[in-house]
Amino acid sequence: EAQVTQNPRYLITVTGKKLTVTCSQNMNHEYMSWYRQDPGLGLRQIYYSMNVEVTDKGDVPEGYKVSRKEKRNFPLILESPSPNQTSLYFCASRNAGTPYGYTFGSGTRLTVV
Amino acid sequence: ELKVEQNPLFLSMQEGKNYTIYCNYSTTSDRLYWYRQDPGKSLESLFVLLSNGAVKQEGRLMASLDTKARLSTLHITAAVHDLSATYFCASGGGADGLTFGKGTHLIIQP
């Protein structure tokens with residue numbers, strides 16, 4: 001089944017403890033993105049990647065890092081999480097050769113205490 | 001800076017009624033997307049609108065795009081309870097991802 005897989009689905013952590021949210025897609029998509037969703041703010045883009053080793057900042061990149069060493073994986077790294085990073089996170093991917101929309105993962109609900 | 005504005009942000013309506021959600025965007029993007037999100041769930045793609053005048057329909061939902069006015073609409077016909085959800089429009093969709101509106105929280109009451 002074609003899909004975008006995020007792990008974990010739920011995570012509670014403490015301030016300052018480094019964490020990684022993984023994202024993997026099995027569709028050979030070139031484009032991948034990370035978003036955070038907060039009540040009243042909709043979805044805001046954190047980082048995006050056009051292909052392997054090509055990443056760039058989105059609208060709200062502060063406090064986050066990403067890497068794209070393999071085409072299928074696009075992990076989101078929080079090196080020192082803070083409570084304001086408590087949010088619902090989505091990874092998404094798209095084939096560069098088609099005009100269709102992004103496919104989204106199931107989401108990761110992160111709570112930083 | 002690309003901006004996408006939806007309205008209304010909250011809509012409560014009765015079953016059987018018609019209504020329209022509006023989505024204005026601030027650049028000349030040729031692509032407009034509509035997604036549906038149920039509580040606690042991910043985003044489900046509803047429509048992809050790729051050119052001026054595009055109209056797509058699926059069941060009781062119909063989406064249209066006017067690139068000259070930078071406006072897309074999502075029209076709900078004879079609403080039913082199962083359509084209760086949050087609806088997002090988004091623009092862009094290229095390598096640099098999507099820019100979303102804040103979403104329209106739709107409640108359809110019997």
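Naming: A, B, ... by sequence-line order, numbering from 1 per chain. Values in this document were obtained by computation on a predicted structure and should not be read as measured data.
- Proximity to chain B involves both the backbone and the side chain of A:Tyr102, based on heavy atoms less than 4.5 angstrom apart.
- At a 4.5 Å heavy-atom cutoff, A:Tyr47 makes no contact with chain B through either its backbone or its side chain.
- Between the A:Gln45 side chain and the B:Asp96 main chain, a donor and an acceptor come within less than 3.5 Å of each other.
- Contact of A:Tyr48 with chain B is made through the side chain alone, with heavy-atom distances under 4.5 Å.
- Within a 6.0 Å radius of CZ in B:Arg36, more than 12 heavy atoms belonging to other residues, nucleotides or ligands are found.
- Most heavy-atom pairs under 4.5 Å with chain B: of the set A:Ala92, A:Ala96, A:Gly105, this distinction falls to A:Gly105.
- Between A:Arg94 and B:Gly94, the shortest heavy-atom contact is NH1-CA, 3.8 Å.
- At most 12 non-hydrogen atoms from other residues, nucleotides or ligands lie less than 6.0 angstrom from OH of A:Tyr100.
- A:Tyr89 and A:Val112 fall within the same hydrophobic cluster, defined by Ile, Leu, Val, Met, Phe, Trp and Tyr side-chain heavy atoms under 4.5 Å apart, directly or through other members.
- Other residues, nucleotides and ligands contribute over 12 non-hydrogen atoms within 6.0 Å of the CD atom of A:Glu53.
- When hydrophobic clusters are built by joining Ile, Leu, Val, Met, Phe, Trp and Tyr residues whose side-chain heavy atoms come closer than 4.5 Å, directly or via intermediates, A:Tyr35 is grouped together with A:Leu88.
- In the hydrophobic clustering of ILVMFWY residues, with side-chain heavy atoms under 4.5 Å counting as a link, B:Tyr35 and B:Tyr22 come out apart.
- Summarising the geometry, atom OG belonging to B:Ser42 is positioned 7.0 Å from atom CD belonging to A:Gln6; distances are rounded to the nearest 0.5 Å.
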Evaluate A:Gln37 against B:Phe88 for side-chain contact (heavy atoms from CB on, under 4.5 Å), listing each step before the verdict. CA-CA 12 Å; A:Gln37 183 177 15; B:Phe88 291 94; 3.4 Å; yes

For a side-chain contact (heavy atoms from CB on, under 4.5 Å) check, start with the C-alpha distance between A:Phe104 and B:Leu98, then their side-chain angles and the critical distance, and finish with the verdict. CA-CA 12 Å; A:Phe104 281 78; B:Leu98 293 161; 4.1 Å; yes

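- The number of heavy atoms from other shown groups lying within 6.0 Å of CE (B:Met13) is above 12.
- The residue among A:Gly107, A:Ser33, A:Ser106 with the most heavy atom pairs within less than 4.5 Å of chain B is A:Ser106.
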